[in-house]
K.L.:
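This is the structure I have questions about; it appears just below.
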Number of protein chains: 2
Amino acid sequence: MSKLSSEHSTRRRGKELEDAVLSAAWDLVNEVGYKDFTMSEVAKRADAAKPVLYRRWSEKSELVASAIIKFGPKIDVTIPDTGSLRGDLIKLFGQLTVVFDTFGTDKLRGLLADRLKTIPLDKILSATSDENKFTDMVSKVLKQADKRGELNFSNLSKRVLNLPGLLLINEVISNETLNKDVIVNIVDQILVPVFLGQKKAADND
Amino acid sequence: MSKLSSEHSTRRRGKELEDAVLSAAWDLVNEVGYKDFTMSEVAKRADAAKPVLYRRWSEKSELVASAIIKFGPKIDVTIPDTGSLRGDLIKLFGQLTVVFDTFGTDKLRGLLADRLKTIPLDKILSATSDENKFTDMVSKVLKQADKRGELNFSNLSKRVLNLPGLLLINEVISNETLNKDVIVNIVDQILVPVFLGQKKAADND
DNA sequence: CATTTTAAGATACTACGGTATACTATTTCA
DNA sequence: TGAAATAGTATACCGTAGTATCTTAAAATG
């Protein structure tokens, strides 16, 4: 009746086992959402013991995040170059909507809330421990705008660079979707004024 | 050995019981912080049964939030009038720091994360079900600026009105404190450009 | 004052996140 | 090849959020 006899001839290890767990986690979160996702059920489906999960992922939210990063929709990481900062930002954020569209807000809300216990809000779009991929993309778009003479990149503070991520996350948590209209609104009403107002604001320092 | 014989001659009800629970909750969260705060311990200290708690507050984070609102530091709700939007915003946010200073970030992080499961990020500064007190104050300051001719209040969207709250919450969750320097930075780098840039941006709609 | 309704008391229970322990199959490396 | 280290398996366990149930006090109704 052991797992070895029924499914596998040998005991799985390392990456093979890890992949099996992530795969089971991905299936489960798609079936039941985050709230009803249980670690025991994942272990059962992956034919693995619970300590195996906790040896790799320190908590439920981390496992689910890993599964989404591995199996979820891949975002387009092309840096847009439309000729204006406004256009670049709108296009870039549009590339991100797939991530949020795949999951309903309900499924994401609990996950983000749990992640928040461990990591700061502005890092929540990061893949793992390495730096914030999303902020990197925003920075590249801003550097292009610098070259065009729209702004001075070196004047932008860390807080300002994190603002786009914060606004998108807030939007996803608060409202149902992140559609084009919302993106255009955020860019026009908040981000363009902030980024293009920096030159003058810098004089106040 | 019943609670009635030991402490009270009659069974407490309504507000009296509620106050006893809130008081016990306030003491407990100050002693052990949010993470180690347990509903059972509150019930025990208040000489109340656990269902009494859940009949009034649907979850732990809500009870703790209620206790903080009731017994925590009262914020100064005076609307500042310094002569400029910038000055008003800096002064207003300064009045809020007491709330965050009273609790260490560790204590607050878990609470905010749990609250986030139920309520949207930009409403987290609300007292109860009624409208957002903080956003109300921001609106008043902005209307003053309108009268001075600094901006056109009717052009400001809900998203923009919620931005100050979002930024402050993010700051408290992400960093340790909310001091004067940070407030000045947020106002100068983000809020002033957004609010005073609205007139022009509105033409794009 | 009798009856009905509301809500508190007491307590047991469920479910789940996360941990501990004892044992065993693989890998590594001398 | 044999010993030691690593990382699985299996399972029991703990703590706590939140719920259910049953009894009983007190308030409301008439």
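Numbered from 1 within each chain, the chains take letters A, B, ... in sequence-line order. Side-chain atoms are counted along with the backbone in the values below, which use heavy atoms only and exclude waters and symmetry mates.
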K.L.:
Which one, C:dT26, D:dT19, C:dT6, comes nearest to the side chain of B:Arg13?
P.N.:
C:dT6
K.L.:
Let me know the distance between CG of B:Asp36 and P of D:dC14, rounded to the nearest Å.
P.N.:
19 Å
K.L.:
Figure out the CD/C1' separation between A:Glu62 and C:dG17, and round it to whole Å.
P.N.:
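The answer, rounded to whole Å, is 14 Å.
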K.L.:
Using atom NZ of A:Lys50 as one end and atom C1' of D:dC14 as the other, report the distance to the nearest whole Å.
P.N.:
11 Å
K.L.:
Distance check needed: D:dA7 P versus A:Lys15 NZ, whole Å only.
P.N.:
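My rounded result for the distance is 16 Å.
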K.L.:
Under a 4.0 Å N-O cut-off, is there an ion pair linking A:Arg45 with A:Glu31?
P.N.:
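A salt bridge is present here (some side-chain N lies under 4.0 Å from a carboxylate O).
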K.L.:
Nearest of D:dA10, C:dG17, C:dG9 to any side-chain atom of A:Ala49?
P.N.:
D:dA10
K.L.:
Assess whether one donor atom and one acceptor atom, taken from the side chain of A:Arg11 and the base of D:dT9, lie less than 3.5 Å apart.
P.N.:
no
K.L.:
Measure the spacing between CG of A:Leu89 and CG of A:Leu92 and express it to the nearest 0.5 Å.
P.N.:
7.0 Å
K.L.:
Would you mind checking if B:Asp19 and B:Lys70 are paired as a salt bridge, meaning a charged N to carboxylate O distance below 4.0 Å?
P.N.:
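B:Asp19 and B:Lys70: salt-bridged.
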K.L.:
Does the Lys NZ or Arg CZ of A:Lys180 fall within the cation-pi geometry relative to A:Phe93 - under 6.0 Å from the ring centre and within 45° of the axis?
P.N.:
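Not satisfied by the 6.0 Å and 45° rule.
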K.L.:
Could you give the CG-to-P distance, from B:Leu17 to D:dA25, as a whole number of Å?
P.N.:
16 Å
K.L.:
Could you check which residues of residues 51-61 of chain A get a heavy atom under 4.0 Å from DNA chain C? Sort them by number, please.
P.N.:
A:Pro51, A:Tyr54, A:Glu59, A:Lys60
K.L.:
Inspect the contact between B:Lys117 and B:Asp114 and indicate whether a charged nitrogen and a carboxylate oxygen are less than 4.0 angstrom apart.
P.N.:
yes
K.L.:
Provide the closest heavy-atom pair for B:Arg159 versus A:Ile186 in the form atom of the first, atom of the second, distance.
P.N.:
CD-CG1, 3.5 Å
K.L.:
Output the rounded distance in Å from CG (B:Asp114) to P (D:dG18).
P.N.:
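Rounding to the nearest Å, CG of B:Asp114 and P of D:dG18 are 8 Å apart.
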K.L.:
Could A:Lys60 and A:Tyr34 be counted as a cation-pi pair, given that NZ or CZ must be under 6.0 Å from the ring centre and within 45° of the axis?
P.N.:
yes
K.L.:
Without decimals, in angstroms, what is the distance between A:Arg12 CZ and C:dT27 P?
P.N.:
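Interatomic distance, CZ of A:Arg12 to P of C:dT27: 14 Å.
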K.L.:
In whole angstrom, give the distance that lies between atom CE of B:Met39 and atom C1' of D:dG15.
P.N.:
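Distance check: B:Met39 CE to D:dG15 C1' gives 15 Å.
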